[in-house]
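First up is the structure itself, then whatever we jot down about it.
Note that the coordinates shown come from a computational prediction; the quantities given were computed from them, not determined experimentally. Atoms within a ligand are numbered from 1 in the order they appear, just like the ligands themselves.
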Amino acid sequence: MSRSQEYRIGVIPGDGIGHEVVPVALDAVRAAGIAIEEVPFDLGGERYLRTGEVLPDSVLEEIRGLDAVLLGAVGTPDVPPGVLERGLLLRLRFELDLYVNLRPFGSGPGRFNDGVDLVVVRENTEGSYAGEGGFLRHGTPHEIATQGSVNTRFGVERCVRYAFELAATRPRRHLALVHKTNVLTFSGDLWQRTFADVATDFPSVTTAYDHVDAACIHLVQAPDRYDVVVTDNLFGDILTDLAGAVAGGIGRAASGNLNPARTGPSLFEPVHGSAPDIAGTGRADPRAAVISAAMMLEFLGEADAGDRIRKAVVSSDDVTGTTAEVGRAIAERV
Ligand code: NAI
Ligand code: MG
């Protein structure tokens, strides 16, 4: 296979099983005949504990110049909550303007809940994750904590538009908005009006609305109700863990943090974390990382390679064994 381009891919294995699943994903990329230059970054809990650094500005600038980033997972038990989430994961999403978090769920043949095939488009730069809020009288009996949710017409519209464009390319051409408009009446109203406005540009896409609590029931009892779902940052975070469990397990849940405007690299990562409970035992399922790498190739325009990797994952669905054994089976089938 001749390739005109070599991609410069930032590789952040991170912590725990990130070190085990990322090499498997890179093997699958190479097996698909894609030339990549790996640019490794030592980031995550291990680096933070060693040096106190989370994401130095110089590293961020280096990442900005890459074609894409593949991340394993970050987090070690000794790092306080929030340090890596805010300082690394969310900072990368905000600074690189990765405004769509794309999370596909397909159970594949022979698996629990056969036939699940849906994609969640989660807004990735606003909502309750934007960091609005603070403490007053911290640590005193009169303490106050506020945590706001930031929703801009601009931010909601670009995410909703992406979801409509995606739905228009899929056979069912259906898009559901998930929110909680009956209680979150300000942000919900903005989302609902924006959704209705953008819908007029996509007459071929049928639409629906579900409250997020009802969506949880539907995802468990009738997941085939959904084709593409668009939702805000917090609802999307929670809903996609549920969707992952419904569609065959967290070891298969992949994601892309996309900058669809392509003003910089997009970042691809499994939905799962660093799994310290199984790290080092060879029991980590590498499929989520491999599918994330396939999404990366598809986003870079290498649709054939992405498709071959996906098919190899499906055809090695029954392979059991260590992370490396599953990885070898996938690479052979690619
Ligand atoms: P987790 O996803 O790491 O683990 C949850 C459970 O799923 C564990 O029992 C684990 O063994 C299992 N699991 C996860 N991935 C698996 C795989 N590929 N194959 C087989 N089993 C798998 O979530 P948890 O335990 O809440 O978090 C552990 C650490 O990871 C924490 O430090 C957390 O902050 C971090 N984390 C990082 C994320 C990221 O980097 N994007 C996302 C979620 C958590
Ligand atoms: Mg999550």
Residues in side chain to side chain contact (heavy atoms under 4.5 Å, CB included) contact with R262, at least two apart in sequence or another chain: F299
Heavy-atom pair with the smallest gap, counting every atom of R47 and P56: NH2-CG, 3.6 Å
Spatial distance of atom CG (L177) from atom OG1 (T231) [nearest 0.5 Å]: 7.0 Å
Atoms in ligand 1 with a heavy atom of L89 nearer than 4.0 Å: 39 (C), 40 (O), 41 (N)
Ligand 1 atoms in contact with V271 (distance to a heavy atom under 4.0 Å): 42 (C)
Heavy-atom check, side chain of R153 versus side chain of T194, under 4.5 Å: yes
Side-chain polar contacts of residues 84-95 - donor-acceptor pairs under 3.5 angstrom, sequence neighbours left out - could you list them?
residue : atom : partner : partner atom : Å
E85     : OE1  : G82     : N            : 3.0
R86     : NH2  : Y129    : O            : 2.9
R91     : NH1  : L55     : O            : 2.8
R91     : NH2  : D57     : OD1          : 2.8
R93     : NE   : N257    : OD1          : 3.1
R93     : NH2  : E269    : OE2          : 3.2
E95     : OE1  : R64     : NH2          : 3.1

Charged N-O contact under 4.0 Å between D213 and K180: yes
Distance filter under 4.0 Å to I17 heavy atoms, resulting ligand 1 atoms: 15 (N), 16 (C), 17 (C), 18 (N)
Contact (N/O only, under 3.5 Å) between A275 and ligand 1: yes
Atoms of ligand 1 close to A284 [distance to a heavy atom under 4.0 angstrom, numbered from 1]: 19 (N)
Numbered atoms and elements of ligand 1 in range of A73, under 4.0 angstrom, heavy atoms: 40 (O)
V74 N/O under 3.5 Å from ligand 1 N/O: yes
Atoms of ligand 1 close to P276 [distance to a heavy atom under 4.0 angstrom, numbered from 1]: 28 (C)
Where N259 and G264 come nearest, the two heavy atoms and their spacing: ND2-N, 3.4 Å
Region of D277 engaging ligand 1 - heavy atom pairs below 4.0 Å: side chain
Close N or O approach (V21, ligand 1; < 3.5 Å): no
Subset of ligand 1 atoms that lie under 4.0 Å from at least one heavy atom of E85: 34 (O)
Residue selection (non-hydrogen contact nearest atom 29 (C) of ligand 1) among S274, A289, G75, S255: S274
D42 vs R50 side-chain heavy atoms within contact, under 4.5 Å: yes
Ion pair D117/R172, N-O distance below 4.0 Å: no
Ligand 1 atoms in contact with E269 (distance to a heavy atom under 4.0 Å): 41 (N)
